[in-house]
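The structure displayed is predicted, hence computed values, not measured ones.
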Amino acid sequence: GSCMTSFLNKCIRIFIIGLILAIFTASLGYCVDTAKAKRIKKKAVLKGKLTNVQSQIHSVKTKIHETKKIQRTVIEQLSATEQDLDHTQALLSSNTIKLSNAKSDLTRIISRLNRTQRQLTRRKNLLERRIVDIYEGDDLGYINVILGSKNMWSFLTRTEYFKNIIRNDNELIEQIKHDKMQIERDKKKQKSRINEIETIQVDLIDQKNQVAALVLDKRQQLNRIENS
């Protein structure tokens, strides 16, 4: 009976030791599996974060590339628009000078016309006075010259002389009238030219304002790009 009891105690101790070893081994395996799983999970998380960072970097690089591309385009457009503005301003300045010169020319033409009109009026008044003096006798000077002729030849000569004076006066008056008409045509032509130049001036001012507004818009666009 004593041997049996001793044997049973040994068996129990062996069983308990085996059970403890089994539990320890299982526990150890569980811990190893858990740590491995954590490492795998952590690695996956880090890989995901890395992928996300790389994606963000790629997105930023793409955005920078697109921004620089847009910036170059806007700079080129701004440069071309500023050249257009300079060209339009040069045309406007040239046309302004042309308009000023045309108005000065018109002033001179009007001055010539006024002088010619005064000359015509004086000549017509002079001719009228001569005719009145000769035919109505208000001034006997012309009649006395004619009547003072000593013979028919002298009479005819003096009469022809006065006819020539009157004819020359008439011819001069006709020439002055012709000059006046020509000056009036020049005046009309010059006014028409001024109207054309003023029309161009209005168009150029409008064009300049439009281009200037476009330049301002491009500068503001470029400023927004540079500050974005």
Modelled atom types, side-chain donor and acceptor of Ser104 and Arg108, under 3.5 Å
no
Is there a chain of hydrophobic side chains (I, L, V, M, F, W, Y, each step under 4.5 Å between heavy atoms) that links Leu78 to Val211?
yes
Answer with yes or no whether the side chains of Glu174 and Asn170 bring together a donor and an acceptor at under 3.5 Å.
no
Please say yes or no: joined through hydrophobic side-chain contacts below 4.5 Å, possibly via intermediate residues, are Leu106 and Ile183 part of one cluster?
no
Distance only, no hydrogens: is a donor on one side chain within 3.5 Å (strictly under) of an acceptor on the other, for Gln190 and Asp186?
no
Side chain Ser100, main chain Thr96, donor-acceptor under 3.5 Å:
no
Are Leu92 and Ile200 connected in a single hydrophobic cluster, I mean Ile/Leu/Val/Met/Phe/Trp/Tyr linked by side-chain heavy atoms less than 4.5 Å apart?
yes
Quick one: NZ on Lys189 to CG on Asp105, what's the gap to the nearest 0.5 Å?
12.0 Å
Minimal heavy-atom distance between Leu85 and Ala212, with the atoms involved, is CD1-N, 4.0 Å
I'd like to check Arg123 versus Lys177 (side-chain heavy atoms, cut-off strictly below 4.5 Å). Are they in contact?
no
Separation between CG of Asp179 and CG of Leu172, rounded to the nearest 0.5 Å:
9.0 Å
Point-to-point distance, once rounded to the nearest 0.5 Å, from OG1 of Thr81 to NZ of Lys218:
6.5 Å
Following the transitive rule for hydrophobic clusters with a side-chain heavy-atom cut-off under 4.5 Å over Ile, Leu, Val, Met, Phe, Trp and Tyr, establish whether Leu120 and Ile110 coincide in one cluster.
no
Give a yes-or-no answer on whether the side chains of Gln221 and Arg224 include a donor-acceptor pair shorter than 3.5 Å.
no
Under a 4.0 Å N-O cut-off, is there an ion pair linking Lys98 with Glu196?
no
With hydrophobic residues grouped by side-chain heavy-atom distances under 4.5 Å, do Leu91 and Ile205 end up in a single group?
yes
Under 3.5 Å, side chain of Thr67 to main-chain N/O of Lys63, donor-acceptor pair present?
yes
State whether the side chain of Ser192 and the backbone N or O of Lys188 hold a donor-acceptor pair below 3.5 Å, judged by distance alone.
no
To the nearest 0.5 Å, how far apart are CG in Asp84 and CD in Gln77?
11.5 Å
Asn195 and Glu198, any side-chain heavy atoms less than 4.5 Å apart
yes
Kindly compute the distance separating CD (Gln56) from NZ (Lys49), expressed to the nearest 0.5 Å.
12.0 Å
Report yes or no: does Asn227 contribute a side-chain atom to a donor-acceptor pair with the main-chain N or O of Asn223 at less than 3.5 Å?
yes
Stepwise, does the side chain to side chain donor-acceptor pair (under 3.5 Å) test hold for Gln210 with Asp206?
CA-CA 6 Å; Gln210 291 180 8; Asp206 182 59; 3.1 Å; yes
Rounded to the nearest 0.5 Å, the CG atom of Asn95 sits from the CG atom of Asp203 at a distance of 9.5 Å
Tell me if a side-chain donor or acceptor on Thr121 pairs with a main-chain N or O of Gln117 at a distance below 3.5 Å.
yes
So, Ser93 side chain and Gln89 main chain: donor-acceptor pair closer than 3.5 Å or not?
yes
